[in-house]
Structure formats: structure tokens, C-alpha cells
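What follows is one structure encoded as C-alpha cells, with my remarks underneath.
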Amino acid sequence: MEGGKGVVKHIFLAKFKEGTTEEEIEKHIMSYADLLNHIEHMKSFEWGTDVSIENLHQGFTHIFEATFETLEGRSAYVAHPAHVKFGTALFPTLEKVIVIDYVPKA
């Protein structure tokens, strides 16, 4: 991917702390989705919950995926004040997270 061109996927796996309510989780999900309205580099956002039958989720229950057109756009998103504000509110409710960024290959 020369010069950071192409699609970049940002995958975020969340394990919420015990006692975090469904209402709190829903509020954070809506805040995450709202970043599309504030960060031009963020091209799409999807999320879901684990439905695997293999029981290998290690307690991670929520999966979030954002798409960017470039690595530079992904980097701008990470540093964007709206993202920082979102993360500051979200992280106290999380026990563990995994974040992986990748460039899809066909």
C-alpha cells in the first residue's frame, strides 16, 4: 500500500467491566457511531456482538469496525478531539480491549 492509499480497517474488540449496564453500553455505541458525523476521515462504522459457537472470545463481547481510505486518515481519526473525548468516556467501562488496524488483501 504505497503512500498509505487504499482501504484501512480499524477493529476494536471490547470486554466491558462487570456491572456496566446495557444502557451504558448502548450510549457508548451511539457515541461511537456519531463519530461519523464529526470525523471526515471515518468512512463507515459497523458493530455487533459475538455470536461464535467456538467459545474462544475470551470475554470480548462487542466488535466495532471503522473504515478509512488511508493510513493517514486513520491516524487523523485517532488524534481527533471527538475520538479522544469518546475514548475518555468509554475506557473506564472497559476491562480489556484489543485494537487492530489492517489493510484488506484479496
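Summarising the local packing, CD of Glu18 is surrounded by 12 or fewer heavy atoms from other residues, nucleotides or ligands at distances under 6.0 Å.
Of all non-hydrogen atoms in Phe86 and His28, the two that sit nearest each other are CE1-O, 3.4 Å. Of all heavy-atom pairs spanning Pro104 and Val7, the tightest one is CD-O, 3.3 Å. Looking at every heavy atom in both residues, Ala76 comes nearest to His41 through CB-CD2, 3.5 Å. The shortest non-hydrogen separation linking Met42 to Ala66 is CE-CB, 3.9 Å. Annotation for Thr20 and Ile25: closest pair CG2-CG1, 3.7 Å, computed over non-hydrogen atoms. In this structure, His38 and Ala82 approach most closely via the heavy-atom pair CB-CB, 4.1 Å.
Here the CD atom belonging to Glu46 is positioned 5.5 Å from the CD atom belonging to Glu65, to the nearest 0.5 angstrom. Between the CZ atom of Phe45 and the CG atom of Asn37 there is a distance of 12.0 Å, given to the nearest 0.5 Å. Atom-to-atom distance recorded for Leu13:CG and Leu94:CG is 11.0 Å, nearest 0.5 angstrom. Rounded to the nearest 0.5 Å, atoms CD (Glu26) and CD1 (Ile29) are 5.0 Å apart.
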Checklist entry - ring pair (Phe, Tyr, Trp, His ring centres under 6.0 Å) between His83 and Tyr77: does it pass, once the steps are laid out? => result CA-CA 7 Å; His83 177 259; Tyr77 153 84; 4.2 Å; yes

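Checked options Val99, Ile100, Thr67; the residue passing with His10 is Val99 (criterion: side-chain contact (heavy atoms from CB on, under 4.5 Å)).
With a 4.5 Å cut-off on side-chain heavy atoms, Asp50 and Phe60 do not count as touching. Between Phe16 and Leu90 there is a side-chain heavy-atom pair separated by less than 4.5 Å.
Side chain of Lys17 to main chain of Pro92: a donor-acceptor pair is present (N/O by atom type, distance under 3.5 Å, no hydrogens or angles).
Residues Trp47 and Leu35 share a hydrophobic cluster, clusters being chains of Ile/Leu/Val/Met/Phe/Trp/Tyr side chains in contact below 4.5 Å. Hydrophobic clustering (side-chain heavy atoms under 4.5 Å, transitive across Ile, Leu, Val, Met, Phe, Trp, Tyr) groups Leu36 together with Val8. In the hydrophobic clustering of this structure, Ile11 groups with Ile98; members are Ile, Leu, Val, Met, Phe, Trp, Tyr whose side-chain heavy atoms approach within less than 4.5 Å, directly or through other members.
Ring orientation note: the planes of His62 and Phe64 are close to parallel, at an angle under 30° on the 30°/60° scale.
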